[in-house]
Amino acid sequence: MGGFRHRDPTAREGSADGAFRRFRHRLPRRRASRRCGIPRCRERSHPAFTRVDPRRDGGGSWCDRIGGAHHVQAQRIRRRAVAGATGAMTAVTDPSACTRAADIAVIIPTHNRKAVLLRCIAALAAQAGDVMDRMEVVVVDDGSVDGSIEALQAEAARLPFVFRAARQPNAGANAARNRAMTMTDAPILLFLNDDSIAQPGLVAEHLRQHAAHPGEAEAVVGALAPMPDPPPGLFEVMHHDHRFDTLVEGTDVGWSAFFTYNVSAKAALLRRHGGFDEALRWHEDIELSARLRAEGLKVFFAPAAVAYHLHPMVESDWLRIAEREGKALAAWARRQPAMRDELVGLGLQSRRLGTRSLRHAVADLVINRLTEPAWLAMARASRAVSPRIAAPLYRKLFQARKRRAIDAALASESPS
């Protein structure tokens with residue numbers, strides 16, 4: 001697939017692939033380890049590797065770090081040979097850099113999105129600038145059953161950066177992010193979603209921004225744009241956050257913009273505050289940043305750090321987000337009642353909590369469980385004429401369903 005360099009087993013000895021094979025024969029040859037599935041590896045043990053523990057991680061059994069010295073050096077020798085053969089890559093001249101610690105770790109949780117995940121990883125493998133030796137990528141598979149981890153295993157040896165992966169029983173994206181944080185020592189953590197397709201300069205721009213903002217409580221959020229090809233549909237456009245379209249570089253956008261689709265922060269700060277709240281399945285990122293405000297958190301906008309959002313949506317997907325968002329706001333309000341006023345600004349409009357405005361109360365009389373099918377039919381008919389006409393109707397349906405989800409979640413937790 002795009003971004004990966006495939007090796008031709010029939011390559012001549014004088015070619016780049018031939019140079020790689022000659023180096024490979026100088027690697028230590030021991031009996032193959034049953035626990036290691038890395039292509040070309042014959043090491044029985046990897047003291048520098050972090051393995052997936054089958055007892056803890058739901059049966060994972062392959063080496064989850066392409067980070068041992070001989071693997072890294074082999075990849076660098078191959079890159080050096082390719083540079084000599086094609087002139088398309090920069091030669092590596094410092095052998096001591098093989099074991100250099102990463103400056104930034106890209107953390108990606110995933111669940112049953114194999115094809116999209118592979119595109120995400122391929123985009124990282126195509127990053128511009130001198131970043132491959134400064135970055136590592138950590139993927140935690142949150143209980144996928146679509147072969148995601150096996151697909152990663154097949155591609156891992158071709159990646160130009162240190163790569164680690166683990167599998168866990170399904171526990172949510174927050175649990176996966178927290179697990180990934182324990183698998184790296186990088187001082188900067190860059191969080192992407194598995195459907196965030198990094199543009200070539202994204203990682204380099206995050207590194208540049210942190211050099212300009214070195215404070216421990218200084219974070220960086222990049223831009224997220226709808227995938228341009230094919231053109232985004234109505235629901236992808238509505239899901240896009242247009243607040244950032246006109247902001248300039250370096251704007252402090254505040255704690256409520258700590259979005260894990262493309263955000264980076266200092267690892268020490270995140271660990272000191274316990275990482276992400278694993279009980280939340282939506283708004284989980286800004287819940288963490290709300291706690292980080294005590295440290296004076298600033299979130300600087302980096303418009304040049306662009307990721308495309310590869311997430312096609314249909315009507316049911318759009319409305320399901322409303323339900324998830326409502327449940328998360330209700331859970332957040334129960335856990336941190338002192339934040340009620342700020343949560344109202346995020347959409348915590350609830351009849352049960354007394355935070356619903358008169359305007360929203362009237363809207364809920366008009367759009368409710370009984371009348372929603374008629375409003376949906378009207379929105380669909382409008383969409384057939386013009387998506388621009390349908391968008392306001394769909395937004396009202398979204399907010400009405402979110403408010404119902406908030407009250408339903410609060411009612412389910414109330415003492416009988």
Side-chain angles (χ1 to χ4, degrees), residues 172-175 177 191 193 219 221 224 235 238-244 252-261 263 273-295 297 299 313 316-372 375-376 391-416:
N174 269 357
R177 292 186 184 105
F191 296 94
N193 289 338
V221 64
L224 187 74
F235 300 106
M238 288 194 296
H239 191 53
H240 174 59
D241 192 338
H242 296 277
R243 293 177 298 166
F244 297 95
D252 181 3
V253 290
W255 66 271
S256 61
F258 191 87
F259 298 128
T260 49
Y261 56 61
V263 72
H273 285 264
F276 295 89
D277 186 339
E278 298 182 10
L280 295 182
R281 297 293 182 103
W282 200 263
H283 284 316
E284 66 276 11
D285 38 18
I286 58 175
E287 186 280 332
L288 171 58
S289 63
R291 287 184 275 126
L292 299 179
R293 288 181 301 169
E295 301 269 1
L297 177 70
V299 182
M313 286 188 184
S316 58
D317 300 324
W318 167 251
L319 294 175
R320 195 176 301 116
I321 290 173
E323 296 171 356
R324 293 178 60 189
E325 188 173 339
K327 292 176 182 178
L329 282 170
W332 194 352
R334 286 194 302 269
R335 297 170 75 84
Q336 299 185 37
M339 284 192 63
R340 178 177 296 187
D341 291 343
E342 291 164 295
L343 295 180
V344 169
L346 294 175
L348 185 68
Q349 301 287 335
S350 169
R351 175 181 57 81
R352 298 184 68 87
L353 294 178
T355 60
R356 188 175 62 172
S357 67
L358 177 61
R359 176 171 62 91
H360 291 119
V362 172
D364 288 343
L365 290 175
V366 176
I367 304 177
N368 52 54
R369 292 185 185 278
L370 294 177
T371 63
E372 184 183 83
W375 283 101
L376 278 173
L393 290 174
Y394 273 116
R395 289 193 178 97
K396 292 184 183 299
L397 286 161
F398 182 97
Q399 296 299 331
R401 186 169 288 198
K402 182 170 77 172
R403 290 191 293 271
R404 290 203 303 271
I406 291 171
D407 283 334
L410 291 171
S412 67
E413 297 294 329
S414 298
S416 55

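Residue indices begin at 1 and follow the sequence shown.
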Peer 1: Taking C-beta and beyond as the side chain, do V299 and S289 meet within less than 4.5 Å on heavy atoms?
Peer 2: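 With C-beta onward as the side chain, the pair stays apart.
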Peer 1: For D364, enumerate each residue passing the side-chain contact (heavy atoms from CB on, under 4.5 Å) test, keeping only those at least two apart in sequence or located in another chain.
Peer 2: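 So D364 forms a side-chain contact (heavy atoms from CB on, under 4.5 Å) with R356, A400, R403.
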Peer 1: Let me confirm one number: the CD-CD distance from Q399 to E325, rounded to the nearest 0.5 Å.
Peer 2: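 The CD atom of E325 is 7.0 Å from CD of Q399, to the nearest 0.5 Å.
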Peer 1: Can you find a heavy atom in the side chain of L319 that is under 4.5 Å from one in the side chain of L376?
Peer 2: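 The answer is yes; the side chains approach within 4.5 Å.
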Peer 1: When rounded to the nearest 0.5 angstrom, what distance separates CZ in R334 from CG in L329?
Peer 2: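 One finds 11.0 Å between CZ of R334 and CG of L329.
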Peer 1: Identify, with sequence neighbours excluded, every residue that meets salt bridge (Lys or Arg N to Asp or Glu O under 4.0 Å) alongside R351.
Peer 2: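 Once residues adjacent in sequence are excluded, R351 has no partner under the salt bridge (Lys or Arg N to Asp or Glu O under 4.0 Å) criterion.
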Peer 1: Applying salt bridge (Lys or Arg N to Asp or Glu O under 4.0 Å), can you list everything that pairs with R395, at least two apart in sequence or on another chain?
Peer 2: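 Partners of R395 by the salt bridge (Lys or Arg N to Asp or Glu O under 4.0 Å) criterion come out as none, since no residue qualifies.
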Peer 1: On a heavy-atom basis, which atom in A257 and which in V221 lie closest, and how many Å separate them?
Peer 2: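 Nearest heavy atoms, A257 then V221: O-CG2, 3.5 Å.
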Peer 1: Can you say whether the rings of W318 and F235 are parallel (under 30°), tilted (30 to 60°) or perpendicular (over 60°)?
Peer 2: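 Rings of W318 and F235: tilted, as their planes differ by 30° to 60°.
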Peer 1: State whether the side chain of R324 and the backbone N or O of I321 hold a donor-acceptor pair below 3.5 Å, judged by distance alone.
Peer 2: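 No.
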Peer 1: Taking the side chain from R291 and the backbone from G275, do they hold a donor-acceptor pair closer than 3.5 Å?
Peer 2: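 Yes, the answer is positive, given that a donor and an acceptor are paired below the 3.5 Å cut-off.
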Peer 1: Ignoring hydrogens, what is the shortest heavy-atom contact between A405 and E323? Give both atom names and the distance.
Peer 2: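 Here A405 and E323 meet closest at CB-O, 3.7 Å.
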Peer 1: Taking side chain as C-beta onward, heavy atoms only, is W332 less than 4.5 Å from D277?
Peer 2: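 Heavy-atom side-chain distance check fails, nothing below 4.5 Å.
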Peer 1: What distance separates N368 CG from W375 CH2, expressed to the nearest 0.5 Å?
Peer 2: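 So the gap between those two atoms works out to 10.5 Å.
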Peer 1: Do you know which two heavy atoms are closest between L410 and S350, and how far apart they sit?
Peer 2: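 Heavy atoms only, the tightest pair is CD1-OG, 3.4 Å.
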Peer 1: Listed by chain and number, what are the salt bridge (Lys or Arg N to Asp or Glu O under 4.0 Å) partners of D252, not counting sequence neighbours?
Peer 2: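 Checked D252 against salt bridge (Lys or Arg N to Asp or Glu O under 4.0 Å); zero matches.
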Peer 1: M238 versus M313: any side-chain heavy-atom pair under 4.5 Å?
Peer 2: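 Side-chain contact under 4.5 Å: no.
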Peer 1: Would you compute the distance between atom CG of L288 and atom CZ of F258 and round it to the nearest 0.5 angstrom?
Peer 2: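 It is 5.5 Å, given to the nearest 0.5 Å.
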Peer 1: Could you list the residues that satisfy salt bridge (Lys or Arg N to Asp or Glu O under 4.0 Å) with R404, not counting sequence neighbours?
Peer 2: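 R404 satisfies salt bridge (Lys or Arg N to Asp or Glu O under 4.0 Å) with E372 only.
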Peer 1: Just verifying a value: how many Å separate R177 CZ and N193 CG, rounded to the nearest 0.5 Å?
Peer 2: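 The distance works out to 5.5 Å.
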Peer 1: Got a donor-acceptor contact below 3.5 angstrom from the T355 side chain to the L348 backbone?
Peer 2: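 Checked: pair present.
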Peer 1: Which residues satisfy the side-chain hydrogen bond (donor to acceptor under 3.5 Å, both in side chains) test with S316, sequence neighbours excluded?
Peer 2: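 For S316 there are no side-chain hydrogen bond (donor to acceptor under 3.5 Å, both in side chains) partners, ignoring immediate neighbours.
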